[in-house]
Amino acid sequence: MGWFHSRKGEDVYAFTSGHTMKLSEVEDEAFSQGLLGKGIAVRSKDGRFYSPVDGEVTMVFPTMHAIGLKSKGGADLILHVGIDTVELQGKGFSAQVEAGRAVKKGDLLLEADLAQIQQAGFDTTAILVVTDPADSDLQYSKVAECVEKKDILFKIK
């Protein structure tokens, strides 16, 4: 893992196609109050979730609703799909990667059956947070807008 290094100004790309929203608007206190880190949320159009950075998958939750990443620039990120979806025990989720795998931005990480998740009574809002460095300053470029995976969501400063 010697290729990781601290780099200022790292771009973080959209991890799904959909409409972005501020974390403060998310219906989960841990995320909306920034307790898990700074970031952004997206209401996915298609349930396909991609790597927002070049880096490595550090963890895939057994329930497949969340994936940990370490960017090539050294930032730790968590992609979390849905609110309280851990309760589904993996139903409606299909991980496409495993821990330790190198990924490039745009690589498919997981798929979620949004209709199945909604029918089970869960919010499907997806959240991406930078967990380390905790004091990261994020310069947002796409908030309250529709995005595609080629779009930059924010820059880690």
Side-chain angles (χ1 to χ4, degrees), residues 10-53 55-71 74-99 103 105-149 151-157:
E10 184 172 19
D11 290 332
V12 177
Y13 288 78
F15 51 90
T16 191
S17 297
H19 192 268
T20 63
M21 54 196 274
K22 296 176 183 177
L23 276 188
S24 61
E25 299 172 24
V26 171
E27 300 280 332
D28 180 295
E29 282 189 30
F31 288 112
S32 65
Q33 294 181 9
L35 301 178
L36 300 173
K38 297 174 186 172
I40 197 164
V42 179
R43 292 185 196 258
S44 180
K45 292 191 301 192
D46 61 11
R48 295 175 59 84
F49 299 91
Y50 305 92
S51 180
V53 294
E56 182 178 311
V57 175
T58 56
M59 138 185 79
V60 177
F61 280 71
T63 53
M64 296 176 283
H65 75 289
I67 292 182
L69 299 163
K70 174 156 307 275
S71 75
D76 289 315
L77 302 104
I78 292 179
L79 170 59
H80 189 282
V81 179
I83 307 299
D84 297 326
T85 49
V86 67
E87 295 176 25
L88 291 171
Q89 296 295 308
K91 291 183 183 118
F93 294 95
S94 175
Q96 304 298 310
V97 293
E98 62 286 326
V103 290
K105 67 180 173 279
D107 286 353
L108 183 63
L109 298 176
L110 70 91
E111 294 178 290
D113 184 332
L114 300 179
Q116 180 181 357
I117 295 165
Q118 288 171 334
Q119 287 172 354
F122 294 90
D123 182 331
T124 58
T125 301
I127 300 133
L128 180 70
V129 292
V130 178
T131 59
D132 187 48
D135 64 347
S136 293
D137 181 24
L138 307 184
Q139 180 182 353
Y140 295 93
S141 52
K142 300 279 185 182
V143 179
E145 293 183 46
C146 287
V147 293
E148 300 294 332
K149 70 178 186 177
D151 295 328
I152 297 172
L153 289 177
F154 57 82
K155 184 180 293 279
I156 301 172
K157 298 188 92 179

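Model, not experiment: these values are computed from the prediction.
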How close do [X] and [Y] get, counting heavy atoms only, and between which atoms?
X: V81; Y: T85; result: O-OG1, 2.6 Å
X: A112; Y: I117; result: CB-CD1, 3.8 Å
X: A75; Y: V130; result: CB-CG1, 4.4 Å
X: G74; Y: E10; result: N-OE1, 4.4 Å
X: A95; Y: M64; result: N-SD, 3.5 Å
X: I40; Y: V143; result: CD1-CG2, 4.1 Å

When the ring planes of F15 and F49 are compared, do they come out parallel, tilted or perpendicular, using 30° and 60° as the limits?
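Geometry flag for F49 against F15: parallel rings.
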Sequence-distant partners of [X], salt bridge (Lys or Arg N to Asp or Glu O under 4.0 Å), two or more places apart:
X: K142; result: E145
X: E87; result: none
X: E148; result: K45

In the structure I gave you, are the side-chain heavy atoms of [X] and [Y] within less than 4.5 Å of one another anywhere?
X: S44; Y: T124; answer: no
X: L36; Y: I78; answer: no
X: K105; Y: V53; answer: no
X: D107; Y: V97; answer: no
X: M21; Y: V26; answer: yes
X: I127; Y: L23; answer: yes
X: T16; Y: D46; answer: yes
X: Q96; Y: L109; answer: no

[X] side-chain N/O to [Y] backbone N/O, donor-acceptor pair under 3.5 Å:
X: S51; Y: G106; answer: no
X: K38; Y: S136; answer: yes
X: Y140; Y: G39; answer: yes

Chi angles and distances behind the side chain to side chain contact (heavy atoms under 4.5 Å, CB included) call for D76, L69:
CA-CA 6 Å; D76 289 315; L69 299 163; over 6 Å; no
Within this structure, what is the [atom1]-[atom2] distance for the pair [X] and [Y], rounded to the nearest 0.5 Å?
X: K91; Y: D113; atom1: NZ; atom2: CG; result: 13.5 Å
X: Q89; Y: T63; atom1: CD; atom2: OG1; result: 6.5 Å
X: L79; Y: F61; atom1: CG; atom2: CZ; result: 10.5 Å
X: R43; Y: L114; atom1: CZ; atom2: CG; result: 11.5 Å
X: L108; Y: R48; atom1: CG; atom2: CZ; result: 5.0 Å
X: E25; Y: F31; atom1: CD; atom2: CZ; result: 15.5 Å

Can you spot which of D84, I83, D28 makes a side chain to side chain contact (heavy atoms under 4.5 Å, CB included) with D123?
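For D123, the side chain to side chain contact (heavy atoms under 4.5 Å, CB included) test succeeds with only one of D84, I83, D28, which is I83.
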Which of these, I67, L77, T20, sits in a side chain to side chain contact (heavy atoms under 4.5 Å, CB included) with L128?
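The side chain to side chain contact (heavy atoms under 4.5 Å, CB included) with L128 is passed solely by L77 among I67, L77, T20.
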Looking at E98, I'd like to know if its CD atom is crowded, meaning that more than 12 non-hydrogen atoms belonging to other residues, nucleotides or ligands lie closer than 6.0 Å.
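Check passes, neighbour count above 12.
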Quick one about Q139 and S141 (side-chain donor to acceptor, distance below 3.5 Å, no hydrogens or angles considered), yes or no?
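No, no side-chain donor-acceptor contact under 3.5 Å.
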